[in-house]
Amino acid sequence: MQASWCAAIAVLFILPFLCTCAPHQGRTSRAVCGYQSCPAIDPNKLNVHLVPHTHDDVGWLKTLDQYYYGSNNSIQNAGVQYIIDSVLDALLKNPERRFIYVETAFFWKWWVEQDESTQGIVKDLVNEGRLEFIGGAWSMNDEAASHYQSTIDQFTWGLRKLNDTFGECGRPRIGWQIDPFGHSREMASMFAGMGYDGLFFSRLDFQDKENRLKTRTPELVWEGSANLGASADIFTSVLYNGYAAPKGFCFDVLCKDQPFIDDQKSPDYNVDQKIQDFVAFVKQQASSYTSQNIILTMGEDFHYQDANMWYKNLDKLIRYVNAADSSLNVFYSTPSCYLKAVNDAGLTYTTKQDDFFPYASDSHSYWTGYFTSRPTSKFFERMGNNFLQVTKQLVAMTQLEQAGESSIDSLREAMGVMQHHDAITGTEKQHVAEDYARLQYRAMEEARQAAESALNQLMSDGSNNVNFQNCLLLNVSRCQISEAEDRFVVTVYNPISRNVSHWVRFPVQAATYSVKDPTGSEVPVQIVPIPPQVASAPEREGSSATHDLVFRTENLPPLGYRSFYVTKTSSSFEEVLPSADTTIGDSELRVVLDNSTGLVKSIVQNGVETSLSQQFYYYEGIIGDNVGADHRSSGAYIFRPKDSQPIPIASAADTKVYKGDIVDEIHQTFSSWLSQVVRIYKEENHVEFEWFVGPIPVDADGVGKEIISRFSSNLTTEGVFYTDSNGRELLERKRNYRPTWQFSTEEPVSGNYYPVTSKILIRDVAKGLEVAVLTDRAQGGSSIEDGQVELMVHRRLLHDDAFGVGEALNEQAFGQGLVARGRHYVLAGTTGAESPSLAAQEREVAQRKLLSPWLFFSSGGPSFEDWKNKYKMEYHGLLESLPANVQILTLEPWKNDTLLLRLEHILEKNEDAQLSEPVIVSYQNIFSTFVINSAQNTTLAANQWLEDSNRLVWKSATTRTSADLQPSAGVPSSVTLIPMQIGTYTLSVTRR
């Protein structure tokens, strides 16, 4: 197993479940939690809310386990188990003390180790509001590279643990995103949908922060959706001092600030000076905010390993300042109590409709490199989400009676860890990145066993179980079963809620093959050569495959599978020869090559030709000593090119064209380390660009390089382009512009880069034309010049950027620089009123790529007839397809005889004349394996009944109406979804 997950890194590129929302029945205490437990506010004073906290990364410089256990301290002195132990002891010494905890992954690891007595003490503290969970997701997720589906999942899992254990008092009310490197509008919308009352963060562009503090607008109402109205709005507060304590007031074992020395006989007596410094700080901070309340974060990374040091000095701080300055009221508090105090003041706030990307910490440090850093890890994460949804669906449809821990829990947790803002971002040390991959790989193997069990229940009576294997190296055309066996079965599972057609592709030897569908009919196949650069990749050592076998599966059943029996019929083989054509495709969609260069020249879709060329370039990363902003290096976090004009990798490409009845391909070679396949599958509406990059050469010239794929068109775009927000709503971007302040930049390229989770596009409004590029993983992208779109696909740098990770982003695999392989999907055409519109087609393609049909491989047995007689080769999880604009976002086991269901409308308003309308979804009787007895709405994270959600109301300068998101109960026969709405339901079901 060790070798397998190592290869995956390189290539890829107990407690019973209680009611989800019911109060926990357990120990009770005299006090109450929530806002009712907050300290009294003095309206005649400046109220200073001291918030003791620790920020615990679930991996960064050390692995998750190393951080938890406190090992490998030569890298960083940090042990989370000691933090929680120490805080617990300190809270018991003084009933006024409070503490917040954020990362459920760490807390749960600690919780299951505790005895009943300790757990009871924790429950009392939670019930009294003295220990409060803030955020509460499995990890503090990144907001640029994370996809909304994975973000919702990891919040759901973390909040479920808290809810099942602590009930209502364990429900977080505050979003606490204090360390992610920029903030997405979709994240704000999700927080609102999950029932949070407010959001706090610390990182925003330095110009933006300076302007907000000057204008007293660091607190605002963030309008999280252009589609969902006020229901997606959330109060947002920018922390004044990052998430650290004021200078001179860090009382941790990791700090060097002086403690309170209050013996007046001591020559080091410092109480008066400390009071003076503290009062000056809080009054300066208060001058930038509008209420009589300010929040001070008393803690930082992995603080409170010796909580007594903190609390002993904070006790003195509170006592001495309150005695010395009658205008201040200093006390222990939490973000929730601060928020409630601000809300009670009834002030009116400005609004914001865009996001907080990109983040710049100074004039030369734009944190836009991490949008692409570690591209293979970003792809592996996306694969993990795909497989998690597949396994959750399969288990939900077959194992309704499960109780306790599930075999898919490890993957739920591993994917929660992967969303962390130093995991999916690629900003961790190399050994930590390898550990993340190890965790995910092993969790995927556990989930594979769960999927195998479910498939066997659906496929047979249990007397002849089948072994179902994943081929995680299909990305480099490697699969043990398809290469080595003469007879095997490919079971294609479709996690989409409607029939889809899919092009199955896997590696084989040079031979002749037969593929039969469940009826025994021969399926047309095509054999395509594996490109030489891919064939020689070190990750494929030992592979005997020379070609890929391709066939089309028509109308795969929704939430169902179809099995195909593959037989090698002859070892003889008619070699596939290149074509002399310079076009691929058909009358509906084709790509035209430039005869002289071998580069793509244009795309013709439905008779409309769009001039569109594509070429690879690299930016040379600046090398600096990081002493001062203008000496900043390009690194894991920072993208800082030496010049605003990238360098072409090649002006022409060697090409070979292969054409067939199923797929046409152009194999392009640009250099010894960069190649690409441009392909069009028949009856498909997009062009696929599959790039193969690496090892990026750095040894000869000592220059770090950042590789981009650039698409250039003749569209007039006037500096405007669009990117998605976490895979959901589109945001308009304008070059060298920010909507909320007067923007200026000394970094014209990196300052205009934005996160592209799934899509970037440009439009020519006058011509009614659009070009969209969809990605298979999170990347950074921009439109640096009109008519162009560029996406960064790979980075290899030789210097650190001095933001903490302490390593250059110089990934190695198999003794050389890392190779990455990935895909871009290009749609181009008119933006007319027909349905489905181009925008609707883009949404549909994005869904099919995010939740791609999953291939399970099995040994084939003696014959097709034997297999068909033993096993059910086709299964429909849904009795009928859902509407084209609706997707089952979530179907997963929740507790005994209950399931969790999320339905989403996948289009925005005005994207399509028909599909952007509200849609009625009848779902009561659509599942083939169970009947819905009752359904009840919950908030987005499923930890509170929707009818019980009563969020704080805020006054803003904008009047917004809430979308109609009314809860339903009982046995609804249908639900109406408006554009971009996600409905979340717990289902009581009975097996059919």
Side-chain angles (χ1 to χ4, degrees), residues 148 186 189 225-229 231-232 494-501 554-559 588-589 605-608 610 683-686 722 724-725 727-732 758-759 761-765 767-772 774 825-851 878-889 902-924 926 961-966 968 972-983:
Y148 74 95
E186 188 61 34
S189 178
S225 171
N227 297 274
L228 300 176
S231 62
N494 171 27
I496 298 288
S497 311
R498 57 189 174 277
N499 295 99
V500 300
S501 296
E554 297 275 357
N555 293 318
L556 283 171
L559 272 63
E588 297 295 320
L589 175 66
Q605 190 157 24
N606 297 322
V608 178
T610 302
E683 301 184 50
E684 189 53 281
N685 62 353
H686 62 270
Y722 302 83
D724 68 297
S725 183
R728 287 275 281 171
E729 299 186 16
L730 281 180
L731 289 174
E732 181 182 282
S758 67
K759 180 168 68 171
L761 65 88
I762 53 176
R763 290 175 180 150
D764 187 321
V765 177
K767 296 177 184 176
L769 295 176
E770 177 172 307
V771 174
L774 281 60
Y825 310 97
V826 177
L827 291 91
T830 60
T831 56
E834 73 283 354
S835 183
S837 65
L838 187 58
Q841 293 177 54
E842 292 163 9
R843 294 278 180 186
E844 192 269 341
V845 172
Q847 284 283 324
R848 284 196 283 124
K849 301 310 177 183
L850 173 73
L851 296 178
L878 299 185
L879 298 176
E880 59 185 56
S881 287
L882 293 185
N885 50 2
V886 175
Q887 166 66 10
I888 292 178
L889 179 66
R902 289 190 182 94
L903 298 169
E904 65 169 331
H905 193 308
I906 66 171
L907 268 72
E908 294 194 60
K909 295 187 297 186
N910 304 318
E911 285 191 325
D912 186 280
Q914 299 175 20
L915 298 175
S916 287
E917 292 297 311
V919 58
I920 298 174
V921 186
S922 300
Y923 66 87
Q924 183 183 355
I926 65 170
T961 59
S962 292
D964 185 15
L965 309 177
Q966 296 301 313
S968 61
S973 58
S974 64
V975 62
T976 300
L977 298 175
I978 66 171
M980 285 287 107
Q981 182 182 352
I982 299 174

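Along the sequence shown, residues carry numbers from 1.
For the residue pair S916 and N910, no side-chain donor N or O sits within less than 3.5 Å of a side-chain acceptor on the partner.
Residues R728 and I982 form a side-chain contact, since some pair of their non-hydrogen atoms from C-beta on lies under 4.5 Å apart. The closest side-chain heavy-atom distance from L878 to P557 is not below 4.5 Å. Taking the side chain as every heavy atom from C-beta outward, Q887 and L882 never approach each other to under 4.5 Å. Side-chain contact between V886 and R498 is absent, with no heavy atoms from C-beta onward closer than 4.5 Å. Side-chain atoms of V921 and S974, non-hydrogen and from C-beta on, never get closer than 4.5 Å to each other. Side-chain contact between N685 and L827 is present, with heavy atoms from C-beta onward closer than 4.5 Å. K849 places none of its side-chain heavy atoms less than 4.5 Å from the side chain of L774. Using a 4.5 Å cut-off on side-chain heavy atoms (C-beta onward), N227 and I978 make no contact.
Considering every non-hydrogen atom in both E729 and A226, the closest pair reads OE1-N, 3.1 Å. Among all heavy-atom pairs drawn from A840 and L907, the shortest one is CB-CD2, 3.9 Å. Closest heavy-atom contact between K767 and D764: N-OD1, 3.0 Å. Across all their heavy atoms, N499 and P558 have their closest contact at ND2-CD, 3.7 Å.
K759 is linked by a side-chain hydrogen bond (donor to acceptor under 3.5 Å, both in side chains) to E842, counting only residues two or more places apart in sequence or in another chain. Scored by the side-chain hydrogen bond (donor to acceptor under 3.5 Å, both in side chains) test, D724 finds S758 as partners (sequence neighbours excluded). The ring-ring contact (aromatic ring centres under 6.0 Å, His included) search around H686 returns Y825, not counting sequence neighbours. The side-chain hydrogen bond (donor to acceptor under 3.5 Å, both in side chains) test applied to T610 returns no partner, not counting sequence neighbours. Considering only residues two or more places apart in sequence or on other chains, Q847 meets the side-chain hydrogen bond (donor to acceptor under 3.5 Å, both in side chains) condition with none of them. Qualifying salt bridge (charged side-chain N to carboxylate O under 4.0 Å, His left out) partners for E588, counting only residues two or more places apart in sequence or in other chains: none.
Taken from CD in E834 to CD in Q914, the straight-line distance is 10.5 Å, to the nearest 0.5 Å. For the atom pair CD (Q981) and CD1 (I906), the distance works out to 14.5 Å, reported to the nearest 0.5 Å. To the nearest 0.5 angstrom, M980 atom CE is 8.0 Å from S225 atom OG. The CD1 atom of I496 lies 10.5 Å from the CG atom of L556; values are rounded to the nearest 0.5 Å. Atom CG of L228 and atom NZ of K909 lie 8.5 Å apart (nearest 0.5 Å).
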Working for side-chain contact (heavy atoms from CB on, under 4.5 Å), residues S837 and T831: CA-CA 7 Å; S837 65; T831 56; over 6 Å; no
Trace of the side-chain contact (heavy atoms from CB on, under 4.5 Å) decision for N885 with D912: CA-CA 10 Å; N885 50 2; D912 186 280; over 6 Å; no
Test side chain to side chain donor-acceptor pair (under 3.5 Å) applied to Y148 and E904, step by step: CA-CA 12 Å; Y148 74 95; E904 65 169 331; 2.8 Å; yes
Candidate pair L889 and L903, rule side-chain contact (heavy atoms from CB on, under 4.5 Å), full reasoning: CA-CA 6 Å; L889 179 66; L903 298 169; over 6 Å; no
Derivation and outcome, side-chain contact (heavy atoms from CB on, under 4.5 Å), residues S501 and N555: CA-CA 5 Å; S501 296; N555 293 318; 4.1 Å; yes
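Partner of H905 under the side-chain contact (heavy atoms from CB on, under 4.5 Å) criterion, chosen from L977, L915, T976: L977.
Between the side chain of E770 and the backbone N or O of L838 there is no donor-acceptor pair closer than 3.5 Å.
More than 12 heavy atoms of other residues, nucleotides or ligands sit less than 6.0 Å from atom CG of L879.
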